[in-house]
There are 2 protein chains.
Amino acid sequence: MPLGFPDKRPRYQIVAEALFDDIRRGTFPVGGHLPTEAQICERFAVSRHTVREALRSLANVGVVSSQHGIGTQVTSDHIQERYVQSFASISDLWQYVKDTRRECLALSDVVASDARIALPGDPGAPWRMLEGLRYMSGKPEPVAWTQVFLLPRYGDVFDEAGNDAGNEVLIYALVERRHHIVTRRVRQTITATMIEGATAALLKVEPGSCGLSVLREYVGEGDEVYEVTWSVHPAERYSYSMEVVLAQAPP
Amino acid sequence: MPLGFPDKRPRYQIVAEALFDDIRRGTFPVGGHLPTEAQICERFAVSRHTVREALRSLANVGVVSSQHGIGTQVTSDHIQERYVQSFASISDLWQYVKDTRRECLALSDVVASDARIALPGDPGAPWRMLEGLRYMSGKPEPVAWTQVFLLPRYGDVFDEAGNDAGNEVLIYALVERRHHIVTRRVRQTITATMIEGATAALLKVEPGSCGLSVLREYVGEGDEVYEVTWSVHPAERYSYSMEVVLAQAPP
DNA sequence: CGCGATAAGTTGTCTGGACAACCGGATGAC
DNA sequence: GTCATCCGGTTGTCCAGACAACTTATCGCG
């Protein structure tokens, strides 16, 4: 390693940083290719192992991407800082499931076009719908009025929704367990809404009062939306909190 | 590699999975240590390089953690699936900053205890506050009424907030740039709120109508909350959308 | 008994070499 | 002109070995 002074850094780090500098300076532009591993070995007079470690560390921060038989492509000329929010489970997205109980109001079959919310896919498609309330432990007024829509082939899990075991568990979790599917993404939209009519009565609030409306789509494999939930919460009984954290550190 | 049948998987993957099975079964309990690399080499009749690759892949998913001179500790007996939402920048958290313009209404000094929202820290502490409206491009009604609170030492950035260059830029970004600080986390709370009084007039909505209230705290180094923003949005002009994605794959 | 030095055990870095597997381009056959 | 095959170039996996750097235990001395 031809250095003019002793450098405490590992060699692979020196190589990674030198390559990153070249990328930043445009010597190897985004979308283009780095020199081959062999060429980099020559340039820095290090072993291939060391070069691969360097490339790995650049790949880990999203700056390059190697492809078998082709070479290493520059994917970014900067380390993309990310602000990240993460959850151990989808239930955490709901923020109030623990120590709540569900009261089932009605179970029915609906056609997408007849629902009070926009259900994805074919407007004539059937969905199974469970309407209910959720109560915080020890509270007389509900924290949420909910409608849960499931594709009919998953509707059998509604059998468990009312019993003790199913109470604190969200429907998506019942579907995952019984039907062995994995939820790949959840889309959530929060809006303010005026609570009126039967919903106000069920939630025990004045008609015309303000609430938070939360719509969630659960996406399984192949972009299939297998569940949609719609929750309405009285304003003073629920708020939605989240925290995003700066992730990623420079090499 | 003593296998009874040809296995297409790389050896390091076979070793990783076998070790993971042992961990899951409690052979190597959480908090305890794995065998040394040399012992694992012996057990599987593979090179140290292969063992290290296996351990690396387990470390990458949070199952083990190696420490120089000590050994490899089991940190988890399962792969913690995470649902993740990430942003390239905090502006993305706001979801509507592009193609908007800000109208500054008032700049003032306030004491924390006198603000209409809870400001963190000492109740007697001074803050600089900028009140304003935000308009979507081409729309006559505002999408948001906002109050931005800054610690006094960062208040000079309000100078730029009203000009053309500062219009589409959030205040936090001005602070970061001018004062060279890094925002480590943002805490956000969304509630439904009834819009009344002067705010209703400014937002051009009927008093008593519903809106979304979004409170954000910006945290810099050392858990310092350097900025707090409060936005109120008329219900029909704004909704808050997000998507979380399942991260992490089993080895 | 306490402290410092040394030794043993363990992971981290690095070299060199070899073969497998992939990819794209060139060439040949129909 | 199209498709299949081959070849060269490239990354991925794997082995063996060596030394550096860290950590803990042991030993020796005051």
Side-chain angles (χ1 to χ4, degrees), chain A residues 1-20 22-23 28 31-75 249 251, chain B residues 1-20 22-23 28 31-75 249 251:
Chain A
M1 191 63 180
L3 287 181
F5 56 96
D7 194 317
K8 287 202 165 65
R9 289 173 300 171
R11 291 182 181 183
Y12 66 84
Q13 189 181 328
I14 294 166
V15 173
E17 286 172 13
L19 291 174
F20 186 45
D22 283 343
I23 288 164
F28 307 121
H33 278 78
L34 282 189
T36 65
E37 291 177 355
Q39 286 165 335
I40 299 171
C41 291
E42 242 187 82
R43 170 178 164 190
F44 292 98
V46 295
S47 77
R48 190 173 163 226
H49 171 92
T50 303
V51 168
R52 294 184 60 74
E53 284 293 311
L55 293 179
R56 185 192 292 237
S57 82
L58 289 178
N60 281 345
V61 292
V63 170
V64 303
S65 170
S66 298
Q67 203 168 349
H68 198 167
I70 298 187
T72 302
Q73 184 167 33
V74 179
T75 49
Chain B
M1 189 66 178
L3 288 182
F5 57 96
D7 193 319
K8 285 199 168 57
R9 289 172 301 170
R11 291 180 184 184
Y12 65 84
Q13 188 181 330
I14 295 167
V15 173
E17 287 173 11
L19 291 174
F20 187 45
D22 284 342
I23 290 164
F28 307 122
H33 277 77
L34 282 190
T36 65
E37 292 176 359
Q39 285 165 335
I40 300 172
C41 291
E42 244 187 83
R43 171 179 164 190
F44 292 98
V46 294
S47 75
R48 190 172 162 228
H49 172 92
T50 303
V51 167
R52 294 184 61 72
E53 284 292 311
L55 293 178
R56 186 193 292 236
S57 81
L58 290 178
N60 280 345
V61 293
V63 171
V64 302
S65 170
S66 299
Q67 204 168 350
H68 200 165
I70 300 188
T72 301
Q73 183 167 34
V74 179
T75 49

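Heavy-atom basis, side chains included; hydrogens, waters and symmetry copies ignored.
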Checklist line | Spacing of A:Phe44 atom CZ relative to C:dT15 atom C1', expressed in whole Å | finding: 18 Å
Note to self: Without decimals, in angstroms, what is the distance between B:Leu58 CG and C:dT11 C1'?
What the structure shows: 16 Å
Margin query: On a heavy-atom basis, which atom in A:Gly62 and which in A:Thr75 lie closest, and how many Å separate them?
Written below: O-OG1, 2.8 Å
Item checked: Rounded distance in Å - CD (A:Gln13) to P (C:dC14) -> 10 Å
Next item on the list: Take B:Asp22 and B:Leu34 through the side-chain contact (heavy atoms from CB on, under 4.5 Å) test and state the conclusion after the steps.
Entry: CA-CA 10 Å; B:Asp22 284 342; B:Leu34 282 190; over 6 Å; no
Item checked: Atom pair distance, as rounded to whole Å: NE2 in B:His33 and P in C:dG9 -> 17 Å
Check: Looking at D:dG12, does its base get a donor-acceptor pair with the side chain of A:Arg56 below 3.5 Å?
Finding: no
Note to self: Looking only at the side chain of B:Glu37 (C-beta and beyond, no hydrogens), which of the listed nucleotides C:dG12, C:dT13, D:dC15 gets closest?
What the structure shows: C:dG12
Next item on the list: Round to a whole Å and report the spacing from CD of B:Gln73 to C1' of D:dT23.
Entry: 14 Å
Check: For the side chain of A:His49, counting heavy atoms from C-beta on, which of C:dT15, C:dG12, C:dG24 is nearest?
Finding: C:dT15
Checklist line | Reported CG-to-CG distance for the pair B:Asn60 and A:Asn60, which is rounded to 0.5 angstrom | finding: 6.5 Å
Check: Can you check whether A:Arg48 has a side-chain N or O nearer than 4.0 Å to OP1 or OP2 of C:dC14?
Finding: no
Next item on the list: Using atom types as modelled and distance alone, determine if a side-chain donor or acceptor of A:Ser65 lies under 3.5 Å from a backbone N or O of A:Gln73.
Entry: no
Check: With respect to the phosphate group of C:dC14, does any side-chain polar atom (N or O) of A:Arg52 fall under 4.0 Å of OP1 or OP2?
Finding: no
Next item on the list: Quickly work out the B:Leu55 CG to C:dT13 P distance and round it to whole Å.
Entry: 14 Å
Check: Quick one: is D:dC15 close enough that its OP1 or OP2 comes under 4.0 Å of any side-chain N or O from B:Thr50?
Finding: yes
Next item on the list: Report the residue from B:Thr50, B:Val15, B:Val51 that forms a side chain to side chain contact (heavy atoms under 4.5 Å, CB included) with B:Phe44.
Entry: B:Val15
Notebook entry, point to check: Which nucleotide, C:dT13, D:dT10, C:dG24, lies nearest any side-chain atom of A:His68?
Noted result: D:dT10
Notebook entry, point to check: What's the CD-P distance between A:Gln39 and D:dT11, to the nearest Å?
Noted result: 9 Å
Margin query: Does a side-chain N or O of A:Ser66 approach OP1 or OP2 of D:dT10 to a distance below 4.0 Å, or not?
Written below: no
Note to self: Taking only side-chain N and O atoms of B:Tyr12, does any of them lie within less than 4.0 angstrom of OP1 or OP2 on D:dC14?
What the structure shows: no
Margin query: Applying a 4.0 Å non-hydrogen cut-off, can you work out what A:Gln67 is touching in the nucleic acid: base, sugar-phosphate, or nothing?
Written below: sugar-phosphate
Checklist line | Gap between atoms CD and P, on A:Glu42 and D:dG9 respectively (whole Å) | finding: 14 Å
Margin query: Quick check on DNA chain C: between A:Ile70 and B:Thr72, whose nearest nucleotide comes earlier from the 5' end?
Written below: B:Thr72
